[in-house]
Amino acid sequence: MLLTGFSTLVWLLYMVMLVLAVVALFLAATAREDAYRAADKQKKSFWLIILGITVAVNLFVPMLFLQLAGAVASIVFLVDVRPALRAVSGGGGRRGGSSSDGPYGPYNGGR
C-alpha cells in the first residue's frame, strides 16, 4: 500500500513537471523575438530549444535527474525571463492605466 501511494506521488510529480515545461514552451513560443533582445535575455531560439528538450525528456526519458534539470530551466524561464518580456512588451494587464493610454502616456486627442 505504501509503495502504491509513493508511485502515485512520483507520477503526479512527473505530470507537474511536464505541464510546467509545456506551459513554459508555449509562452516562449508566443513571445516576440525582439522582446528577448530588448529585455537583454537569451535568444528566443535558445529558450525554444531548451524548453523543447525539456518537454521531450519529460515525455520520453524516464530519468529524474534530467527531468529535474528541465524543471529548473522551466522555472527560470517563468520566474525571470517571462516577467522581463512582459515588461518590455507592455504586457501585464491594466494597472491603473486608461484605455486611451499610449506607449508614452495618455492620449488626449491632440488637445
Side-chain angles (χ1 to χ4, degrees):
M1 182 167 154
L2 184 61
L3 190 57
T4 304
F6 181 71
S7 88
T8 303
L9 181 68
V10 169
W11 182 82
L12 285 174
L13 179 65
Y14 286 157
M15 288 298 112
V16 167
M17 288 190 293
L18 177 62
V19 168
L20 186 71
V22 169
V23 167
L25 180 63
F26 174 77
L27 292 173
T30 57
R32 295 181 358 210
E33 174 70 37
D34 60 339
Y36 287 88
R37 288 189 306 269
D40 199 27
K41 300 296 179 184
Q42 293 287 335
K43 290 182 174 183
K44 182 176 183 175
S45 59
F46 171 83
W47 283 108
L48 290 177
I49 290 169
I50 293 295
L51 296 171
I53 289 172
T54 299
V55 170
V57 164
N58 281 320
L59 286 174
F60 303 116
V61 182
M63 294 181 67
L64 184 61
F65 177 75
L66 292 176
Q67 290 172 328
L68 288 176
V72 168
S74 299
I75 291 169
V76 166
F77 178 82
L78 291 173
V79 172
D80 181 42
V81 177
R82 183 167 183 254
L85 295 176
R86 287 180 63 178
V88 168
S89 311
R94 297 201 187 281
R95 287 184 230 174
S98 169
S99 63
S100 64
D101 283 354
Y104 304 109
Y107 176 72
N108 61 10
R111 293 179 255 169

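For clarity, every value in this text was computed on a predicted model and none was experimentally measured.
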Check your understanding: Got more than 12 heavy atoms from elsewhere within 6.0 Å of CZ, Phe46?
Key -> yes
Exercise for review: Keeping to residues at least two apart or across chains, list the salt bridge (charged side-chain N to carboxylate O under 4.0 Å, His left out) pairs with something in residues 6-29.
Suggested key: none
Revision key, fill the gap. When every non-hydrogen atom of Leu48 is compared with those of Leu25, the smallest separation belongs to O-CD1, 3.8 Å
Check your understanding: Please, which pairs that meet salt bridge (charged side-chain N to carboxylate O under 4.0 Å, His left out) have at least one residue in residues 13-24, sequence neighbours excluded?
Key -> none
Check your understanding: Tell me, which pairs form a side-chain hydrogen bond (donor to acceptor under 3.5 Å, both in side chains) where one or both residues lie in residues 47-60, sequence neighbours left out?
Key -> none
Revision key, fill the gap. Nearest heavy-atom contact between Leu85 and Ala31 is CD1-CB, 3.9 Å
Review point. Can you name the side chain to side chain contact (heavy atoms under 4.5 Å, CB included) partners of Val19, sequence neighbours left out?
Key: Val23
Check your understanding: By side chain to side chain contact (heavy atoms under 4.5 Å, CB included), which residues pair with Val10, not counting sequence neighbours?
Key -> Phe6, Tyr14
**Study point:** Partner residues of Ala84 under the side chain to side chain contact (heavy atoms under 4.5 Å, CB included) criterion, sequence neighbours left out
**Key:** Ala39, Lys41
Practice item. Look at the side-chain heavy atoms of Ile, Leu, Val, Met, Phe, Trp and Tyr, link any pair under 4.5 Å apart, and say whether Phe65 and Val57 land in one connected group. Key: yes
Review point. If you group Ile, Leu, Val, Met, Phe, Trp and Tyr by side-chain heavy-atom gaps below 4.5 Å, do Val22 and Ile75 land in one group?
Key: yes
Review point. Nearest heavy-atom pair of Leu51 and Ala28: which atoms, and what distance?
Key: CD1-CB, 3.8 Å
Check your understanding: According to the side-chain hydrogen bond (donor to acceptor under 3.5 Å, both in side chains) rule, which pairs have a member within residues 16-40, sequence neighbours left out?
Key -> Arg32-Asp34
Revision key, fill the gap. Residue set satisfying side chain to side chain contact (heavy atoms under 4.5 Å, CB included) with Leu13, at least two apart, ordered chain then number -> Met17
**Study point:** Same apolar cluster: Trp11 and Leu9, side chain cutoff 4.5 Å
**Key:** no
Review point. How long is the span from the OG atom in Ser74 to the CD atom in Gln67, to the nearest 0.5 Å?
Key: 11.0 Å
Study note, to complete from the structure: Rounded to the nearest 0.5 angstrom, the CG-CZ distance for Leu66 and Phe60 is 14.5 Å
Practice item. Consider only side-chain heavy atoms of I, L, V, M, F, W and Y, link residues closer than 4.5 Å, and tell whether Val16 and Leu68 are in one cluster. Key: no
